[in-house]
K.L.:
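The following block contains the structure, expressed as structure tokens.
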Amino acid sequence: MTVRTLQGFMELLPEEQIVMNKMKAVIAHTYELFGFAPIDTPVLELADVLLSKSGGDTEKQIYEFQKGDNHLAMRFDLTVPLAKYVALYHNNLTFPFKRYQIGKVYRGERPQKGRFREFYQCDIDIIDRDELSIVYDAEVLAVIYTVFNKLELPAFKIYINNRKILSGFLESLEIADKTVDVLRLVDKIKKIPEAAFLGELGDMGLPEEKNKELLNFIKINGSNQEIIAKLEDLNISNENFQNGLEELKTVISQAQNLGINSDNIQIDLSITRGLDYYTGTVYETFFDDYPQFGSVCSGGRYDNLSSVFMDKKFPGVGISIGLTRLFDQLRDNNLLKFGGLTPNKALVITQSPEFADKAIHLIGQLRQNDIPADVMLRDCKFKKKMEYANKIKIPYLIIIGEDEAANNNYTLKNMTTGEQSRVTLEELIKLVK
RNA sequence: GCGGAUUUAGCUCAGUUGGUUAGAGCGCUGGUUUGUGGUACCAGAUGUCGUGAGUUCGAGUCUCAUAAUCCGCCCCA
């Protein structure tokens, strides 16, 4: 048999996995900093539950199978499981409910650059009953902003828009019946030439004049304040449009109020998101110098999370970071710093096997002091032990030999600087910690 | 679901018009007289040339089939 890992599934060596896990930890920590509570849901659900909300392509991409009498499926995102979760436990939850979830999701699509069949999504959502304050739309921005800053990634921008603005505009043009198709096309405007854009609108049976108006509309650019001013100057009386505009203004001003650098947020009227359940604010995040990564974090506001599962209304807003893709692209572009093959901070080596007891005792002491440490027990030349220490990139090396044993102390070597000194146990713990 | 490309050592790849025992760099193992790594030098191991069939005196090289992988489109993180 041939041994291989399935295509579209990421598998890492320890050096990379350590960095991946650190990123995950930074994301989780930041989510908690903003008061989001962790939840976890099963990878498998009843197929009916997962497919209830989907339309079109989701069904083709979902992994599903029969086990006994149960028709099961693997989750393809964390939002539908959340909808189920809220429907099940809303009487036990306190609203507004802020939750985060970091987990793997599964999509049986064709793998290619930046596309995996199994990947981590790092989701946050804020859910409330009946009404959800628009301020949370700004808070979501603050979370993305903080996470990306803490991850020390390249310069990024969060592009935002409000779907009500575009759908209201379409209503004012009296072409609202084509909204879904038009939004999907608008989403592609950066990828296709303007002529093709107009051509496709024409193919939908829309009149040329309105298509040009639409193109000019989504091309409105400038600073956030300039775009808002231009939108106001259009004097469109459509209610949807005006509501969207007001929401967008609030989100921008509250984002500033939350301390976000305004350079990192850009209104872009062509951002619509493909998924149809978004109803207000929508987000996409790109790196300024790496647009080919695609959106590494996106999401938006939806009117009713659990509509398919229950009658009650639960509006929410949320985003998701595609961690697997993010990691993959950063690694391919040498944007990650890899530290070493081990989480250990210290490695103990001995001059000869007779000092093994001392070494083993020492790592016990270090571990009790919360210092991850190990001893090299393989009986080999001293030089080999040094090479091993070097290869795993251990920060601190501790040497025990005749002299150290006689004086009841240790040689501590900083492997980065090469400096070494003779220290007592107490000094050693202090220095390494 | 549609289209394009690739497949030779652990990795990245070379292999001229088909011609004996298939190569390089990196990595790996060992050594340069045994209490000090990263550099340098020396030595060594590793391939059913994706798989199956065909053409040929002879195939890594040509033909066909098949599989896997990668890249676009669709959709999306």
Side-chain angles (χ1 to χ4, degrees), chain A residues 1-10 13 27 54-62 75-79 102-123 144 184-185 187-188 191-192 196 272-276 278 282-287 292-300 318-330 332 340 347 349-352 355 376 379-406 410-422:
Chain A
M1 76 178 214
T2 49
V3 178
R4 64 187 175 94
T5 301
L6 291 171
Q7 66 169 328
F9 288 72
M10 176 181 273
L13 290 169
I27 292 168
S54 72
D57 287 326
T58 312
E59 259 171 87
K60 286 186 218 155
Q61 295 184 351
I62 200 161
R75 64 187 182 199
F76 59 89
D77 69 8
L78 299 176
T79 306
I102 297 174
K104 286 174 172 176
V105 302
Y106 299 83
R107 295 186 192 176
E109 60 183 340
R110 282 218 108 82
Q112 45 184 273
K113 192 127 199 89
R115 316 193 59 177
F116 293 86
R117 287 179 166 173
E118 177 188 69
F119 59 97
Y120 276 101
Q121 284 200 325
C122 310
D123 276 36
I144 306 174
R184 191 158 292 163
L185 184 62
D187 204 39
K188 284 187 220 163
K191 288 186 188 170
I192 61 174
T272 70
R273 313 283 299 118
L275 301 171
D276 8 306
Y278 292 120
V282 286
Y283 316 89
E284 291 200 346
T285 310
F286 290 88
F287 292 114
Q292 71 275 17
F293 285 15
S295 178
V296 290
C297 172
S298 42
I319 52 96
S320 178
I321 298 174
L323 180 58
T324 303
R325 166 188 288 185
L326 179 61
F327 179 89
D328 183 59
Q329 315 249 49
L330 290 171
D332 282 0
L347 177 75
I349 63 174
T350 57
Q351 186 199 344
S352 74
F355 307 113
M376 174 57 164
D379 186 21
C380 58
K381 288 185 182 174
F382 192 78
K383 183 168 177 159
K384 286 289 163 208
K385 293 174 181 167
M386 289 296 297
E387 282 176 8
Y388 172 77
N390 190 55
K391 196 170 286 182
I392 64 173
K393 294 182 190 160
I394 197 80
Y396 290 97
L397 186 69
I398 298 158
I399 301 165
I400 302 176
E402 277 170 34
D403 292 352
E404 288 84 355
Y410 308 95
T411 294
L412 176 66
K413 179 168 179 129
N414 180 325
M415 291 296 281
T416 317
T417 62
E419 290 167 10
Q420 65 183 55
S421 57
R422 201 64 82 79

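Remember, it's a predicted structure, so these values are computed and weren't measured experimentally. We name chains A, B, ... by the order of the sequence lines, and we start the count at 1 in each one.
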K.L.:
Under 4.0 Å from OP1 or OP2 of B:rG30: is there any side-chain N or O of A:Lys384 that close?
P.N.:
yes
K.L.:
Please tabulate, for side-chain N and O atoms in residues 385-403 of chain A, each donor-acceptor pair with protein atoms closer than 3.5 Å (sequence neighbours left out).
P.N.:
residue: A:Lys385; atom: NZ; partner: A:Thr350; partner atom: O; Å: 2.9
residue: A:Glu387; atom: OE1; partner: A:Lys384; partner atom: NZ; Å: 3.2
residue: A:Lys393; atom: NZ; partner: A:Glu15; partner atom: OE2; Å: 2.9

K.L.:
With a 4.0 Å limit, can you tell me whether A:Lys391 has a side-chain N or O closer than that to the phosphate oxygens OP1/OP2 of B:rU29?
P.N.:
yes
K.L.:
May I ask you to verify whether the side chain of A:Gln329 and the base of B:rA77 hold a donor-acceptor pair under 3.5 Å?
P.N.:
no
K.L.:
How would you list, by chain and number, every residue that makes a salt bridge (charged side-chain N to carboxylate O under 4.0 Å, His left out) with A:Arg325, sequence neighbours excluded?
P.N.:
none
K.L.:
N/O contacts under 3.5 Å, protein versus nucleotides 1-10 of chain B?
P.N.:
none

K.L.:
Quiz question: going by heavy-atom distance under 3.5 Å, is there a donor-acceptor pair between the base of B:rC70 and the side chain of A:Arg115?
P.N.:
no
K.L.:
Given B:rC28, B:rA77, B:rG37, identify the nucleotide with an atom nearest to the side chain of A:Arg273.
P.N.:
B:rA77
K.L.:
So which protein nitrogen or oxygen atoms get under 3.5 Å of nucleotides 41-43 of chain B's nitrogens or oxygens?
P.N.:
none

K.L.:
Pairing check on B:rG38: which nucleotide meets the Watson-Crick or G-U wobble criteria with it, both distances under 3.5 Å?
P.N.:
none
K.L.:
Between protein and nucleic acid, restricted to nucleotides 33-35 of chain B and to nitrogen or oxygen atoms under 3.5 Å apart, what atom pairs and distances do you find?
P.N.:
residue: B:rG35; atom: N7; partner: A:Gln351; partner atom: OE1; Å: 3.2
residue: B:rG35; atom: N7; partner: A:Gln351; partner atom: NE2; Å: 3.3
residue: B:rG35; atom: O6; partner: A:Glu402; partner atom: N; Å: 3.3
residue: B:rG35; atom: O6; partner: A:Asp403; partner atom: N; Å: 3.1
residue: B:rG35; atom: O6; partner: A:Glu404; partner atom: OE1; Å: 3.4
residue: B:rG35; atom: N1; partner: A:Glu404; partner atom: OE1; Å: 3.0
residue: B:rG35; atom: N1; partner: A:Glu404; partner atom: OE2; Å: 3.2
residue: B:rG35; atom: N2; partner: A:Glu404; partner atom: OE2; Å: 2.8

K.L.:
What class does the angle between the rings of A:Phe9 and A:Tyr106 fall in, given that below 30° is parallel, 30 to 60° is tilted and above 60° is perpendicular?
P.N.:
tilted
K.L.:
Counting only side-chain N and O atoms of A:Gln7, is one of them less than 4.0 Å from OP1 or OP2 of B:rA68?
P.N.:
no
K.L.:
Not counting sequence neighbours, which residues clear salt bridge (charged side-chain N to carboxylate O under 4.0 Å, His left out) with A:Lys383? List them please.
P.N.:
none
